[in-house]
Participant: 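Let me begin by handing over the structure; questions about it come next.
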Amino acid sequence: MKLYRTPAALLAAALAFPGEAAAPPFDTPAPVAFMKDLSSGAILYAKDADRRMPPASMAKMMTVYVAFDLIKKGELKLDQMVTVHPETWRRWHGPAAGSTMFLSPGEQVSVSNLLHGIVTLSGNDACVVLAEAISGTEPAFAQLMNQQAKKIGLANSRFGNSNGWPDGGQTFVTARDLGTLAEATVRDHPKLYKTYYSQREFTWGKTLGAGADITQANRDPLLGRVDGADGLKTGHTEEAGYGFTGSAEQGGRRLVMVLAGLTSANQRIEQSVSFMNWGFRAWKAQPIVARGKRVQTAEVQLGDARTVGLVAPHDLAVTVPSGLGSEMKVRVVYSGPIKAPIAAGQHIADLVVATPDMPVQRLPLVAESAVGEAGLFARIGSGFRWLFGLA
């Protein structure tokens, strides 16, 4: 990895903010908390964010992500019908089985309705029925969960079941990993995310005796309380306490938050709303590079051009405290020289921005134009130039 400093003249006008900005304070009784601004990559808050902890029903986000991925690949259909096995129903019905979708033994239910039952109703039964439909058994599905978790970058989490039910410590996560999972869900499956995670209530099942429809409300504490809130998942067990992983988008900024270890559902509502409002009000997006602006050029190896421009794929902004300026140090980072062929718009570098009292923020830079492979004689000549340090 080579580091290339951006010429000062290129970004001087965009980065001339006087003074220093300290991170805005926030206090929460939650023993674990995490917040990330997905628009800039900035970590706005981290309190014991790498502590291993039981996820309770927040583990269901991983089950849903696996299902979304299979749907995207065409390997699972939303209208596919699934049978509720009697033995699964016996294990996951009644007060001792926790949250339920109120499925019935032998019932046929679509994948789409199972997803509503998992996301909106937090149904433990729905999770296991879907897991068995995908992988045959829940343990086999848990292996698939762990494969996907590794693929999307969950560095310190493990899943032993599909619904987060206490399993003697086999299932654990961190707040940072839950934030990563939420980010991957929004990024990789935006349409499915919008369809399933923001529903306020869902009706499934019948009451005993009268046979009335059972309608349950989404437990998401941000829906209807914070502008732009649109998911994700609550969790609660005796060992985990009350937790929530949530997201909202306002003015082009999307935040992901995690709270865990709270003592009541009401405290979860209060703290979640307060935390998300702090994220939007105490911080702002500071534009630094307009879409299409060339920031620097990068050297190209074995290409039909010696260099390629590095440009912003969209308007780039960093997150800074509201009402204050911030001194910024900026550099371009990429593995260089970059080997051809290169497609126009290909992500080949990052703009790394450092501001006081905050972790660095990494923003993508892409190739301004396509660069093809050089012809045979050009490659031979290029090889000699590199060999003798003449390039």
Participant: Is N161 reaching over with its side chain to a backbone N or O of E138, donor-acceptor style, under 3.5 angstrom?
Facilitator: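 No, because the side chain of N161 does not come within donor-acceptor range (under 3.5 Å) of the backbone of E138.
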Participant: Between F159 and F172, is there a shared hydrophobic cluster once you connect ILVMFWY residues whose side-chain heavy atoms come closer than 4.5 Å?
Facilitator: no
Participant: Can you give me the closest heavy-atom contact between V258 and A175, atom names plus distance?
Facilitator: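 In this case the closest contact between V258 and A175 is CG2-O, 3.6 Å.
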Participant: With distance as the sole test, does S272 use its side chain to make a donor-acceptor pair with the main-chain N or O of R268 at under 3.5 Å?
Facilitator: yes
Participant: Could you check whether any side-chain N or O of E270 sits under 3.5 Å from a backbone N or O of Q267, counting only pairs where one atom can act as donor and the other as acceptor?
Facilitator: no
Participant: Can you tell me if D37 and T319 form a side-chain donor-acceptor pair at under 3.5 Å?
Facilitator: yes
Participant: Quick check, are the ring centers of F26 and F275 under 6.0 angstrom apart?
Facilitator: yes
Participant: Salt bridge or not for D315 and R291, using N-O below 4.0 Å?
Facilitator: no
Participant: Classify the side-chain pair T28/Q271 by whether it contains a donor and acceptor separated by less than 3.5 Å.
Facilitator: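 Yes.
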Participant: About how many Å separate CG of L130 and CE of M101, when rounded to the nearest 0.5 Å?
Facilitator: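 Here the interatomic distance stands at 10.0 Å.
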Participant: With side chain to side chain contact (heavy atoms under 4.5 Å, CB included) as the test, would you mind laying out the steps for V66 and F141 before giving the verdict?
Facilitator: CA-CA 9 Å; V66 170; F141 182 78; 3.7 Å; yes
Participant: Please examine the side chains of T234 and T245, heavy atoms only from C-beta on, and report whether any two atoms are closer than 4.5 Å.
Facilitator: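 T245 does not reach T234 side chain to side chain.
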Participant: What I want to check is whether the side chains of N156 and R52 have a donor and an acceptor closer together than 3.5 Å.
Facilitator: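 Looking only at side-chain atoms, R52 and N156 do form a donor-acceptor pair, the distance falling under 3.5 Å.
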Participant: Counting neighbours of CD on Q108 that are heavy atoms of other residues, nucleotides or ligands and sit closer than 6.0 Å, is the number greater than 12?
Facilitator: yes
Participant: When you compare the side chains of W204 and E107, does any donor N or O come within less than 3.5 Å of an acceptor on the partner?
Facilitator: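 Yes, E107 and W204 have a side-chain donor paired with an acceptor closer than 3.5 Å.
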Participant: Can you tell me if T307 and T297 form a side-chain donor-acceptor pair at under 3.5 Å?
Facilitator: no
Participant: Can Y334 be reached from V289 by stepping across I, L, V, M, F, W or Y side chains whose heavy atoms are under 4.5 Å apart?
Facilitator: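 Per the 4.5 Å side-chain linkage, V289 and Y334 are co-clustered.
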Participant: Are T137 and E132 close enough that a side-chain donor and a side-chain acceptor fall under 3.5 Å?
Facilitator: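 Result is no, nothing qualifies.
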Participant: Is there a donor in the side chain of S110 and an acceptor in the side chain of N113, or the other way round, less than 3.5 Å apart?
Facilitator: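 Result is yes, a qualifying pair exists.
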Participant: Any chance you could measure K72, atom NZ, to K191, atom NZ, to the nearest 0.5 Å?
Facilitator: 11.0 Å
Participant: Looking only at side chains, do Q148 and D69 share a donor and an acceptor under 3.5 Å apart?
Facilitator: yes
Participant: Evaluate side chain to side chain contact (heavy atoms under 4.5 Å, CB included) for K60 paired with N124, printing each intermediate quantity in order.
Facilitator: CA-CA 9 Å; K60 292 168 182 166; N124 291 322; 2.8 Å; yes
Participant: How long is the span from the CG atom in L115 to the CZ atom in F202, to the nearest 0.5 Å?
Facilitator: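 The CZ atom of F202 is 10.0 Å from CG of L115, to the nearest 0.5 Å.
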Participant: Could you tell me whether R306 and E299 have a side-chain N and a carboxylate O separated by less than 4.0 Å?
Facilitator: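 The answer is no: the pair does not qualify as a salt bridge.
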Participant: Report yes or no: does W278 contribute a side-chain atom to a donor-acceptor pair with the main-chain N or O of D27 at less than 3.5 Å?
Facilitator: no
Participant: Check for a donor-acceptor pair, side chain of D304 on one end and backbone N or O of A374 on the other, with a separation under 3.5 Å.
Facilitator: no
Participant: For a quick test of reading the model, state the closest non-hydrogen atom pair linking H93 to R90 and the distance between them.
Facilitator: ND1-O, 3.5 Å
Participant: Quick one: CG on N218 to CD on E201, what's the gap to the nearest 0.5 Å?
Facilitator: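 Between atom CG of N218 and atom CD of E201 there are 10.0 Å.
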Participant: Calculate, to the nearest 0.5 Å, the distance between atoms CZ and OG1 belonging to F68 and T63 respectively.
Facilitator: 11.5 Å
Participant: So, R254 versus S247: side-chain donor-acceptor pair below 3.5 Å or not?
Facilitator: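 Side-chain D/A pair, R254 to S247: present.
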Participant: Minimum heavy-atom separation for P221 to V273, with atom names?
Facilitator: O-CG2, 3.8 Å
Participant: Taking atom types as modelled and ignoring hydrogens, do the side chains of D188 and Y65 form a donor-acceptor contact shorter than 3.5 angstrom?
Facilitator: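 Note: D188 and Y65 side chains meet the donor-acceptor criterion.
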Participant: With distance as the sole test, does S122 use its side chain to make a donor-acceptor pair with the main-chain N or O of S99 at under 3.5 Å?
Facilitator: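 Absent.
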Participant: Is there a donor-acceptor contact under 3.5 Å linking the side chains of T185 and Y197?
Facilitator: no
Participant: Is there a donor-acceptor pair closer than 3.5 Å between any side-chain N or O of D177 and the backbone N or O of A155?
Facilitator: yes
Participant: Donor-acceptor pair, W283 side chain versus L44 backbone, under 3.5 Å?
Facilitator: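 No; judged by distance alone, with no hydrogens or angles, the pair does not exist.
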Participant: If you measure only the distance, is there a donor-acceptor pair under 3.5 Å linking the side chains of D230 and Y193?
Facilitator: yes
Participant: Is any side-chain heavy atom of L351 less than 4.5 Å from a side-chain heavy atom of L310?
Facilitator: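 The answer is no, as the side chains (C-beta and beyond) never meet within the 4.5 Å cut-off.
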Participant: Taking atom OG of S162 and atom CE of M62, what is their separation to the nearest 0.5 Å?
Facilitator: 12.0 Å
